[in-house]
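Everything on this sheet refers to the single structure shown next.
All values below were derived from every heavy atom in this structure, side-chain atoms included, with hydrogens, water molecules and symmetry-related copies excluded. So that the names make sense, note that chain A is the first sequence line, chain B the second, and so on, each numbered from 1.
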Number of protein chains: 2
Amino acid sequence: MTEHVSLALSAAERSCRSKGLALTPVRKRVLQLLLESQAPVKAYDLLAALKPGGGAQPPTVYRALDFLTRAGLVHRIEALNAYTACLHADGHGSAELYICEDCGQVEERHRKISGEAGPGGFLISRSVIEHYGRCSDCASAQASA
Amino acid sequence: MTEHVSLALSAAERSCRSKGLALTPVRKRVLQLLLESQAPVKAYDLLAALKPGGGAQPPTVYRALDFLTRAGLVHRIEALNAYTACLHADGHGSAELYICEDCGQVEERHRKISGEAGPGGFLISRSVIEHYGRCSDCASAQASA
DNA sequence: CTCCGGGATGTTATATTGTTGCGCCAAGGG
DNA sequence: CCCTTGGCGCAACAATATAACATCCCGGAG
Ligand SMILES: [Zn+2]
Ligand SMILES: [Zn+2]
Ligand SMILES: [Zn+2]
Ligand SMILES: [Zn+2]
C-alpha cells in the first residue's frame, strides 16, 4: 500500500470516529480500492476486486458506497456510473469534478455547501457538477503528437 | 396537443431541416412526449408510451433519444437517468439545469459551449451541471404549510 | 447474566437501465 | 438497375441497482 493511501485511510478513520460512524472492514476495503485507483471505479469492478476474500454480492458494495458517500469520503460520478475517493479526506459535502476523458484522472474543487439560490428563487440543496475534457498532461501529450 | 407543444415541434422540424437532420416520426413522437410532460421522463416510460402504436423495443427509444440529444433538442439528466425536452427549441449545446425535487419541474439556463479552461490547464469539452432543490412555487407552498 | 434492539452484513432474487448484432427496407446517386 | 446509406424492427443480452429477508454481533437495560 503506498504512502498516500494509508495516510488517507487513517484520516478517514479519524473522521469517522469523530462523527460516531463505523468504518468497518468492508467499508474500509472499498475505500482503499478507490484510493488505489488512478481513475474512477465502477461498482461491479469493486465487487470483483472484493470477491477473492469472500464472495461479495452487489448489496455489499452498494451499501459500502452509500455509507462512504454519505460520510463525504467518496464521490459518485453521475455521468459515468462510477465512484472516486474524495481528495480531501475530511469530507466536505459537494464537489466540482474535472474528469479527463483520456487518462481518467479526476481533479476536484470544493463547492460551497447548498443553500444557494438559483434563478427565479430556486433554492438549491445539492448540485452535480462534472466537467469532461483533457487534463493538462494529456492535452500537451496530444499537442506534441 | 397544447399550443406550446405544437409550436416547439414545428420549431424542431425547422431546426432539423436546416441542419440536414431527419426528424422522423418516431423521433418526433418521442420529442412530443417529452414536451408534453411537466417533469423528466425515463426511457422505459417513453417506451411504454410508444407501445400502443406498435410494439417498440428499447433500441427504438434509445436511438431516438440519442438523436434528439445530439440535435440539442433534448437533455439527459444524469443523476436521474431521465430526459427532458430542451426549453430552447433551437438547440444550444450544453445546459445548466435546476430540477425541483418536489414537483419535478425543470428550469434551464444556457451554458457557454465548452472550450473553457478549468484548474491547472484542464480543457473542458463538456459539462454536466444539475442543481437539485425546490422551485420558488414549491418553496413558498412549503413555507405556508 | 440474560435478553433485547439496532446496526451491519450475508443471501437470494428481482428490478431497472442500456447495448449489441443482425436483417430489412426505402430513399437517393451512379 | 445496383449499390450504398441511414433508419428502424427484432431478439437477445449486458450492466447497474434495489428489495426482501435471514443472520450475526455487540452494547445496554433489566
Ligand atoms: Zn471531495
Ligand atoms: Zn489526462
Ligand atoms: Zn436546452
Ligand atoms: Zn417545484
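Residue-nucleotide stacking is present for B/Y44 and C/dT17, judged by a side-chain ring centre under 5.5 Å from the six-membered base ring centre and planes under 30° apart.
By the 30° and 60° cut-offs, the orientation of the rings of B/H88 relative to B/H110 is perpendicular.
A/D66 places its CG atom 8 Å from the P atom of D/dT18, with the value rounded to the nearest Å. The separation between A/E78 atom CD and C/dT17 atom P is 14 Å, rounded to whole Å. D/dC8 atom C1' lies 15 Å from atom CG of B/L65, rounded to whole Å. Nucleotide C/dG18 holds its P atom 12 Å from the CG atom of B/L47, rounded to whole Å. The separation between A/D45 atom CG and D/dA14 atom P is 16 Å, rounded to whole Å. Atom-to-atom, CZ of A/R70 to C1' of C/dG7 comes out at 14 Å; the value is rounded to the nearest Å. In this structure, B/L46 atom CG and C/dG18 atom C1' are separated by 14 Å, rounded to whole Å. Separating the CG atom of A/L68 from the C1' atom of C/dT9 is a distance of 15 Å, rounded to the nearest angstrom.
Looking at A/Y83 and A/R76, their side chains do bring a donor and an acceptor atom within 3.5 Å of each other. Checking B/T84 against B/H75 by side-chain atom types alone, no donor-acceptor pair falls below 3.5 Å.
Of the side-chain N and O atoms in A/T24, none sit less than 4.0 angstrom from OP1 or OP2 of C/dA8. Within the 4.0 Å cut-off from OP1 or OP2 of D/dC8, at least one side-chain nitrogen or oxygen of B/R27 is found. The side chain of B/K42 places an N or O atom within less than 4.0 Å of a non-bridging phosphate oxygen (OP1 or OP2) of C/dT17. Between A/N81 and D/dA17, a side-chain N or O to OP1/OP2 separation shorter than 4.0 Å is present. The phosphate of D/dA17 has OP1 or OP2 within less than 4.0 Å of a side-chain N or O from A/Y62. Proximity of B/R63 to the phosphate of D/dC10: no side-chain N or O atom is located under 4.0 Å from OP1 or OP2. Put simply, A/T60 has no side-chain N or O that comes within less than 4.0 Å of OP1 or OP2 on C/dT9.
Taking all atoms of both residues into account, the shortest heavy-atom contact from B/A79 to A/R126 is CB-NH2, 4.5 Å.
Checking B/A64 against A/A43, the closest nucleotide of DNA chain D that is more toward the 5' end is the one next to B/A64.
With D/dC10, D/dG7, C/dT12 as the candidates, the nucleotide lying closest to the side chain of A/Q57 is C/dT12.
B/E13 CD to B/L73 CG: the interatomic distance, rounded to the nearest 0.5 Å, is 11.0 Å.
Within 4.0 Å (heavy atoms only), A/R76 reaches sugar-phosphate atoms of the nucleic acid but no base atom.
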